[in-house]
Engineer: 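Handing you a structure now.
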Amino acid sequence: MLLLGLGSTASWSAEQTWCVFDPLNAQGEIGHSLEDIRLFALQQQVKIKIKSFKHEKDAIQAFDKKQCSGLVASNFNTHRYNRFMSSTGAIGLIPNNRVIATILKLLNHPQVKKSMVGADYEVLGMIPVGTAYMMTDTTQINKVSHLKNKTISILANNPPQLALVHSVGARPVYVDFSNAVDVFKQKKADVLVAPIYRILPYQLKKEFGQNTQVVNFPVSYFAISIIIRQDAYPKGFGHKMRGWFVSNSSALTAQAIQWDNHLPAYNWADIPHNEVHVYEAIVTKVRNRYVASGYYDGFMVELIRLLRCLDEPKAIECRQ
């Protein structure tokens, strides 16, 4: 069995606290995965105490104040702890759950592993949530040009998202995970960018308007990263924990696939084939700018590009 096969640490009894932001609340699938992870850590003689936060910024602040030795938060907002894994949230980079499944399987590959460990922080793994798409309350947005002067929801302190909005002539509306849907519902934003799981609880056309649609073009990939202060844990703990993610990669990804598949077909809107290329060219240009500046990790971006091209060889950047 996996729990036994990876072995355990001989004598490590200190309880460690993790500051956790769970956008689905503790009863959701992310909470269930964290419980499995906690039990596996216990097999390694490390006791994990979960401290949940409703708002992600509060979890991050508590981690920074060293109230916790572990942080569970979005790949978008963990950039300063590990640029490599946070780059999975790069705009337009990961188009589907198949690619993220392969990334999880590679977490303990020697070339990947060295990017998971920094001077102070170490990444244990990632829980996939799904691709973020644009949702609008009108059928009149199916071209890039239609986004001009529209308001689009983005996260604060995310320069690439802001650059993408500006590149299509739109205006940003800053949101966080707790208020994004409400901002859209109150018509303070013309376009909501969110993973499918976030909008599944709603009857879209009933609650947001009959013309509400989800544009079938991936904007970015949302996942929950698990980061620790490595000096608080026994040697080899990170490697063993990443082994859990490698072994459970298919099950973790299956949940994200299930969320995407649960959105009824009539809520999706395809965009013209030629517009897909326009979108891809724009997001690729912006993403490359932030690889060059060092905001995104070049190795991770290239690794995912190679995996994507194996999965989707007709993508515009795969034909260059």
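Any value given below was found using the heavy atoms of this structure, including those in side chains, with hydrogens, waters and symmetry copies removed. Numbering starts at 1 and runs along the sequence shown.
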Engineer: Flag yes if more than 12 heavy atoms outside Gln186 fall under 6.0 Å of its CD atom; otherwise flag no.
Structural biologist: yes
Engineer: Would you say the side-chain atoms of Glu122 pair up with the backbone N or O of Gln230, donor to acceptor, closer than 3.5 Å?
Structural biologist: no
Engineer: Are Leu124 and Leu42 connected into the same hydrophobic cluster when the rule is that any two of I, L, V, M, F, W, Y join if their side-chain heavy atoms are below 4.5 Å apart?
Structural biologist: no
Engineer: Which distance, rounded to the nearest 0.5 Å, do you find between the CG of Asn157 and the OH of Tyr174?
Structural biologist: 8.5 Å
Engineer: Of all heavy-atom pairs between Leu192 and Ala180, which one has the smallest distance, and what is that distance?
Structural biologist: CD1-O, 3.6 Å
Engineer: Are any side-chain N or O atoms of Ser249 and backbone N or O atoms of Val246, one a donor and one an acceptor, separated by less than 3.5 Å?
Structural biologist: yes
Engineer: Side-chain contact, heavy-atom cut-off 4.5 Å: Asn77 with Phe177?
Structural biologist: yes
Engineer: Could you list the residues that satisfy salt bridge (charged side-chain N to carboxylate O under 4.0 Å, His left out) with Arg171, not counting sequence neighbours?
Structural biologist: none
Engineer: Would you check if Ile91 and Tyr296 make a side-chain contact, meaning some heavy-atom pair closer than 4.5 Å?
Structural biologist: yes
Engineer: Could you go step by step and tell me if Phe217 and Tyr279 meet the ring-ring contact (aromatic ring centres under 6.0 Å, His included) rule?
Structural biologist: CA-CA 8 Å; Phe217 180 82; Tyr279 274 111; 4.8 Å; yes
Engineer: Are Leu104 and Leu306 joined in one hydrophobic group, where the rule is that I, L, V, M, F, W and Y side chains link up if heavy atoms are under 4.5 Å apart?
Structural biologist: no
Engineer: List the residues meeting ring-ring contact (aromatic ring centres under 6.0 Å, His included) with His146, not counting sequence neighbours, and say none if there are none.
Structural biologist: none
Engineer: Could you walk me through whether Val144 and Glu275 pass side chain to side chain contact (heavy atoms under 4.5 Å, CB included), step by step?
Structural biologist: CA-CA 7 Å; Val144 172; Glu275 286 296 316; 3.7 Å; yes
Engineer: Using side-chain heavy atoms (C-beta onward) and a distance below 4.5 Å, is Lys150 in contact with Ile141?
Structural biologist: yes
Engineer: How far apart are the closest heavy atoms of Ala62 and Phe53, and which atoms are they?
Structural biologist: CB-CZ, 3.7 Å
Engineer: Just wondering, do Arg287 and Leu93 contact through their side chains at under 4.5 Å, heavy atoms?
Structural biologist: yes
Engineer: Under a 4.5 Å side-chain heavy-atom rule over Ile, Leu, Val, Met, Phe, Trp and Tyr, are Val181 and Ile30 clustered together?
Structural biologist: yes
Engineer: Determine the interplanar angle of the Tyr290 and Tyr295 rings, folded into 0 to 90°, and report it as parallel if under 30°, tilted if 30 to 60°, perpendicular if over 60°.
Structural biologist: perpendicular
Engineer: Between Asp176 and His55, do the side chains contain a donor N or O and an acceptor N or O under 3.5 Å apart?
Structural biologist: no
Engineer: Tell me every residue that passes salt bridge (charged side-chain N to carboxylate O under 4.0 Å, His left out) with Asp190, counting only those two or more places apart in sequence or in another chain.
Structural biologist: none
Engineer: Return the set of residues passing side-chain contact (heavy atoms from CB on, under 4.5 Å) with Ser167 (not counting sequence neighbours), or none when no residue passes.
Structural biologist: Leu164, Ile282, Val286
Engineer: Okay, side chain of Asp260, backbone of Leu263: is any donor-acceptor separation there less than 3.5 Å?
Structural biologist: no
Engineer: Keeping Gln16 on the side-chain end and Lys47 on the backbone end, is there a donor-acceptor pair under 3.5 Å?
Structural biologist: no
Engineer: Using salt bridge (charged side-chain N to carboxylate O under 4.0 Å, His left out) as the criterion, list what pairs up with Glu280, not counting sequence neighbours.
Structural biologist: Arg308
Engineer: Would Lys54 and Asp22 count as a salt bridge (charged side-chain N to carboxylate O under 4.0 Å, His left out) if you check the C-alpha gap in whole Å, the side-chain angles of each, and the deciding distance to 0.1 Å?
Structural biologist: CA-CA 7 Å; Lys54 182 179 179 180; Asp22 181 355; over 6 Å; no
Engineer: So Tyr233 and Phe237, would you call those rings parallel, tilted or perpendicular, with 30° and 60° as cut-offs?
Structural biologist: parallel
Engineer: Is there a path from Leu200 to Tyr202 through hydrophobic residues (I, L, V, M, F, W, Y) whose side chains come within less than 4.5 Å of each other?
Structural biologist: yes
Engineer: Do you see a donor-acceptor pair shorter than 3.5 Å between the side chains of Glu56 and Ser74?
Structural biologist: yes
Engineer: Would a single hydrophobic cluster contain both Ile257 and Ile94, if residues Ile, Leu, Val, Met, Phe, Trp and Tyr are joined by side-chain heavy-atom contacts under 4.5 Å?
Structural biologist: no
Engineer: Please report the shortest heavy-atom distance between Ile199 and Leu204, naming the atom on each side.
Structural biologist: O-CD2, 3.7 Å
Engineer: Would you say Asn108's side chain and His239's backbone share a donor-acceptor pair under 3.5 angstrom?
Structural biologist: yes
Engineer: May I have all residue pairs that pass salt bridge (Lys or Arg N to Asp or Glu O under 4.0 Å) and include part of residues 179-189, sequence neighbours excluded?
Structural biologist: Asp137-Lys187, Lys185-Glu207
Engineer: Output every pair passing side chain to side chain donor-acceptor pair (under 3.5 Å) with a member in residues 210-226, not counting sequence neighbours, ordered by first then second residue.
Structural biologist: Asn97-Tyr221, Asn216-Asp270
Engineer: Taking everything shown except Lys205 itself, do over 12 heavy atoms lie less than 6.0 Å from its NZ?
Structural biologist: yes
Engineer: Testing the basics here: between Thr78 and Ala73, what is the closest heavy-atom pair and its distance to 0.1 Å?
Structural biologist: CG2-CB, 3.9 Å
Engineer: Which residues, ordered by chain and number, are linked to Val175 in its hydrophobic cluster, where ILVMFWY side chains connect at heavy-atom gaps below 4.5 Å, directly or through other members?
Structural biologist: Val173, Val183
Engineer: Any non-hydrogen side-chain atom of Glu312 less than 4.5 Å from a side-chain atom of Pro95?
Structural biologist: yes
Engineer: How about Asn75 and Met85: do any of their side-chain heavy atoms sit closer than 4.5 Å?
Structural biologist: no
Engineer: Enumerate the disulfide (SG to SG under 2.5 Å) contacts for residues 50-117, please, sequence neighbours excluded, ordered by first and then second residue.
Structural biologist: Cys19-Cys68
Engineer: May I ask you to test the Phe21-Leu71 pair for a side-chain heavy-atom distance under 4.5 Å?
Structural biologist: no
Engineer: For residues 86-145, which residue pairs pass the ring pair (Phe, Tyr, Trp, His ring centres under 6.0 Å) check, not counting sequence neighbours?
Structural biologist: Phe63-Tyr121, Tyr81-Tyr121, Tyr133-Trp268
Engineer: Got a sec, which pairs hit salt bridge (Lys or Arg N to Asp or Glu O under 4.0 Å) with one end in residues 289-304, sequence neighbours left out?
Structural biologist: Arg83-Asp297, Glu302-Arg305
Engineer: Under the salt bridge (charged side-chain N to carboxylate O under 4.0 Å, His left out) rule, collect the residues that match up with Asp58, sequence neighbours excluded.
Structural biologist: none
